[in-house]
There are 2 protein chains.
Amino acid sequence: MKGEKITVSIVEDIEDIREALRVLVNGSTGFECTHVYADAEEALDKMPANDIDVVLMDINLPGMDGIGCMKALKPLMPNTQFMMCTVYDDDDHIFNALQSGASGYILKRTSPAQILEAIRDLHEGGSPMSSEIARRVVFSMQNKGKTSEAVELLTDRETEILDFLSKGYLYKEIAAELFISKETVKKHIHNIYDKLHVQTRTEALNKAYQRK
Amino acid sequence: MKGEKITVSIVEDIEDIREALRVLVNGSTGFECTHVYADAEEALDKMPANDIDVVLMDINLPGMDGIGCMKALKPLMPNTQFMMCTVYDDDDHIFNALQSGASGYILKRTSPAQILEAIRDLHEGGSPMSSEIARRVVFSMQNKGKTSEAVELLTDRETEILDFLSKGYLYKEIAAELFISKETVKKHIHNIYDKLHVQTRTEALNKAYQRK
DNA sequence: TTAAAAATACACCGAAAGGGTTATTGACTT
DNA sequence: AAGTCAATAACCCTTTCGGTGTATTTTTAA
């Protein structure tokens, strides 16, 4: 075990970054980058044939994204650890990745030495994350169970309308219930989406009434 | 800001450890241990009078434990960060502490240098955790996002697609995830709506996973 | 009393959702 | 061998949704 190399695969669409990572990994004792892939489809097709310790996965890929790719690969590669390596540091991406099975999450601005350390850490059972990422994860735990604080920002009218949304009412139906115009309903909903940082009805409901 | 010291208080019942931590903090430039307390009751009584950056809190204390102490102190000290510093590495203690408002969680076997680094990290907005701790946190998240109970009228494929619907995915996003055409996704969804006797996504979700 | 937030409304626009229909393939049943 | 079902895919069509603006009124707060 001691002398064996940690085998690494990389999924990254930007050639410069992909090659830089490959060189980094291959140039370090104890690591070996055996395969690299430029997109999710290629990775899905070829990666399961190899027994890999650690996958460095970019999120922003053409076509299927890195999170979807990982989700598809996970059941095929039960002994492989996945680490997201991306420029995204927003909550949605972080939580989505971690809930989908990533064990580590680092940002591309992480230093080469730290990337290698993170790979080793991951392989040894750790969950390497930068501390900004860790803080967000911790915050998310603290906010579990209670209706998210963003919901508190909603006005009474907005909450009322959100409630209709949750029951599947159409804009015009809500308008009829409240004796206001459909346009006003739309405006309220637009404001709700702004406050909750979402784009669709379903996302808003998931955020507002987060189920366990 | 650069020249200012990070003020630290310590709550720890074992005198040897308490004094070792105090010496460590006071002997390092950029840090100052202004107060130490031997139990939760003393800390609760005296600590809120001081403006402290970081509290190192032991969990196992005589009487009230460190988690309860932190919960009581938090509302009184909104600008203070709490770091649990304990021998417990079991899930219950970790989650309880983090959900109760701790921003960092380190084990007592952490090296002196790493403790100092963790204090600085915490003060700068990070969430220092050893990677074993991080891994446990991540695992707990992964077990939260599991699929709800199935509607047995639906085929496997339909259930799968319903699950994507519940997460707010667009048709084309589902199509990309499943490697099928958007039209097929639409057809499946149409069949789902038929079986559930509904017309919209939200109604389907209400029917499938009935929430209040 | 002045400023702000909240609620109301409308117009233009493109994207997305959903209804209806038809068709091909493979798998399982009878 | 015929029939059913599930999964796949495409077509046309209308409605709904959501973004980006602007604007008026009312309420609330400073």
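These figures come from a predicted structure and were not determined experimentally. Order of the sequence lines fixes the chain letters, A, B, ..., with proteins taken first and strands second; residue numbering starts at 1 for each chain.
Ranked by how close their nearest DNA chain D nucleotide is to the 5' end, A:K172 and A:H190 are led by A:K172.
In this structure, B:K186 atom NZ and D:dT15 atom C1' are separated by 12 Å, rounded to whole Å. In this structure, the CD1 atom of A:I192 is 16 Å from the C1' atom of C:dA5, given to the nearest Å. Rounded to an integer number of Å, the gap from OH of A:Y193 to P of D:dC17 is 8 Å. Between B:R157 atom CZ and C:dA27 atom C1' there is a gap of 16 Å when expressed in whole angstrom units. To the nearest angstrom, C1' of C:dA17 lies 9 Å from NZ of B:K182. Computed from coordinates, the B:L170 CG to C:dG18 P distance equals 11 Å when rounded to whole Å. Protein atom CD of A:E183 is 21 Å distant from nucleotide atom P of C:dA6, rounded to whole Å. Distance CD1 (B:I189) to C1' (C:dA17): 9 Å, rounded to an integer number of Å.
Ionic pairing of B:R22 and B:E12 is not present here: no N-O contact between side-chain nitrogen and carboxylate oxygen is shorter than 4.0 angstrom. At a threshold of 4.0 Å, the pair B:K46-B:E42 counts as salt-bridged, since one of the basic side-chain nitrogens sits closer than that to a carboxylate oxygen. Under a 4.0 Å N-O distance rule, the pair B:E117/B:R120 does not qualify as a salt bridge. The existence of a salt bridge linking A:E158 and A:K195 is confirmed by a sub-4.0 Å separation between a basic side-chain nitrogen and an acidic carboxylate oxygen.
Distance from the side chain of A:E158 is smallest to C:dA7 among C:dA9, C:dA7, D:dA9.
You won't find any donor-acceptor pair under 3.5 Å spanning the side chain of B:K187 and the base of C:dG20, going by distance alone.
Within the structure, every side-chain polar atom (N or O) of B:Y171 is placed at least 4.0 Å from both OP1 and OP2 of C:dA15. For C:dC10, the OP1/OP2 oxygens have a side-chain nitrogen or oxygen of A:S181 closer than 4.0 Å.
Nucleic acid contact class of A:T184 (heavy atoms, under 4.0 Å, all strands): base.
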### Query
A:Q81 and A:S103: side chain to side chain donor-acceptor pair (under 3.5 Å), yes or no, with the steps?
CA-CA 6 Å; A:Q81 300 292 338; A:S103 294; 3.0 Å; yes
